[in-house]
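Working notes for the structure below.
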2 protein chains.
Amino acid sequence: MDTQIDNILKRSQLSVTGSRKRILELFLATNGGALAHGDIEKKTGEKFDRVTVYRTLQTFLEKGIIHSIPTVDNSVRYAMCKEGCAGGHHHDNHVHFVCSACGNTTCLESVMIPEVRLPEGFQPEEFQMVITGVCKDCH
Amino acid sequence: MDTQIDNILKRSQLSVTGSRKRILELFLATNGGALAHGDIEKKTGEKFDRVTVYRTLQTFLEKGIIHSIPTVDNSVRYAMCKEGCAGGHHHDNHVHFVCSACGNTTCLESVMIPEVRLPEGFQPEEFQMVITGVCKDCH
DNA sequence: GTAACTGCAAAATATTTGCATCCTT
DNA sequence: AAGGATGCAAATATTTTGCAGTTAC
């Protein structure tokens, strides 16, 4: 019997392997939160080679299973894509919230990015909005 | 006689030195555009030590002369702060546009970030909005 | 069995730190 | 003159690449 995780991988034509399952599981467990590369190494229990994590993230990114989130600090963070995200093209039009207290990034699924009017000549393709502040857990 | 550049540095209680002037000049010349660390090394004519660039950017950031811009790719980019940005606290509430063709980042000073309504318990402090697409020069 | 994935080693990059020297005030 | 800034060397950290061994299908 296939689990949800297996299905996600198969849908993207990826082999179902231990590390992929573990990492995907972590993303699901984080539930909308964002993970940096370092988080993944820690939270999986340091079982994988760092290289495998890099490659797995890269693969997930290409297949559209996860997307990267822009942050003001250097860190690159990833979060699971919701339905509607096909490989490459994301309709990831919700707001990301970075907590300055706990450092966690949350996808605010309920908050859509509002429309903006761009100056003449600018052709938008993708919108990203990041709000920094104090999240509801650190309040 | 003091130039604009000298004034900016003095206002932030920084010594007026060659590298700082050069880097600041570059930011002014970029006119709202954003620079990645690599751009600065290139465009100044490779005159400085890489370390100096790192430290200068760090200093400018602390003094509030520049701010960092979040991007979806890993790169960290910086742009000049406008008046109203004191050290640490920026009122940098305009939209940033990243061109997928030429790679340049532009501050769209005329485009304000619209208000959004956050879920209960989230206390916003800073808003960042990044739009990716094709800029007016690459159109 | 074959193609794809992983882990190890090592290379290539990027960033930080220490310290002696030089420049700004 | 004194403190801060720079440049060099080197230590760290991060990310990428090659390849042989292993695993999924």
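As a basis for the values below, the full set of heavy atoms in this structure was taken, side chains included, without hydrogen atoms, waters or symmetry mates. Each chain gets a letter, A, B and so on, in the order the sequences are listed, and its residues count up from 1.
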So what does A/Arg20 touch, heavy atoms closer than 4.0 Å: a base, only the sugar-phosphate, or nothing?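 A/Arg20: backbone/sugar contact only, no base atoms under 4.0 Å.
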
Distance in angstrom units between [X] [atom1] and [N] [atom2], rounded:
{"X": "A/Asp49", "N": "C/dA10", "atom1": "CG", "atom2": "P", "result": "14 Å"}
{"X": "A/Arg50", "N": "D/dT14", "atom1": "CZ", "atom2": "C1'", "result": "8 Å"}
{"X": "B/Leu57", "N": "D/dT6", "atom1": "CG", "atom2": "C1'", "result": "15 Å"}
{"X": "A/Tyr54", "N": "C/dA10", "atom1": "OH", "atom2": "C1'", "result": "15 Å"}
{"X": "A/Lys42", "N": "D/dA13", "atom1": "NZ", "atom2": "C1'", "result": "13 Å"}
{"X": "A/Asp39", "N": "D/dT14", "atom1": "CG", "atom2": "P", "result": "12 Å"}

Less than 4.5 Å apart, any side-chain heavy atom of A/Ile23 and any of A/Phe60?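 With C-beta onward as the side chain, the pair touches.
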
Where does the angle between the aromatic ring planes of A/Tyr54 and A/His37 fall among parallel (under 30°), tilted (30 to 60°) and perpendicular (over 60°)? parallel

Judged by each residue's nearest nucleotide on DNA chain C, which is more toward the 5′ side, B/Val16 or B/His37? B/His37

Heavy-atom donor-acceptor pair, B/Arg55 side-chain to D/dG4 base, under 3.5 Å: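 Looking at the base of D/dG4, it does not pair with any donor or acceptor on the side chain of B/Arg55 (distance under 3.5 Å).
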
Would you say a side-chain N or O of A/Thr17 is under 4.0 Å from OP1 or OP2 of D/dA24? no

Does B/Ser19 place a side-chain N or O at less than 4.0 Å from the phosphate oxygens OP1/OP2 of D/dA5?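 The answer is no; no side-chain N or O of B/Ser19 sits under 4.0 Å from OP1 or OP2.
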
Checking side-chain contact (heavy atoms from CB on, under 4.5 Å) for the pair A/Val130/B/Glu126: CA distance, chi angles, key distance, verdict? CA-CA 8 Å; A/Val130 183; B/Glu126 194 174 330; over 6 Å; no

What heavy-atom pair brings B/Pro114 and A/Met129 nearest, and what distance separates the two atoms?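 Scanning both residues, the minimum pair turns out to be O-CE, 4.0 Å.
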
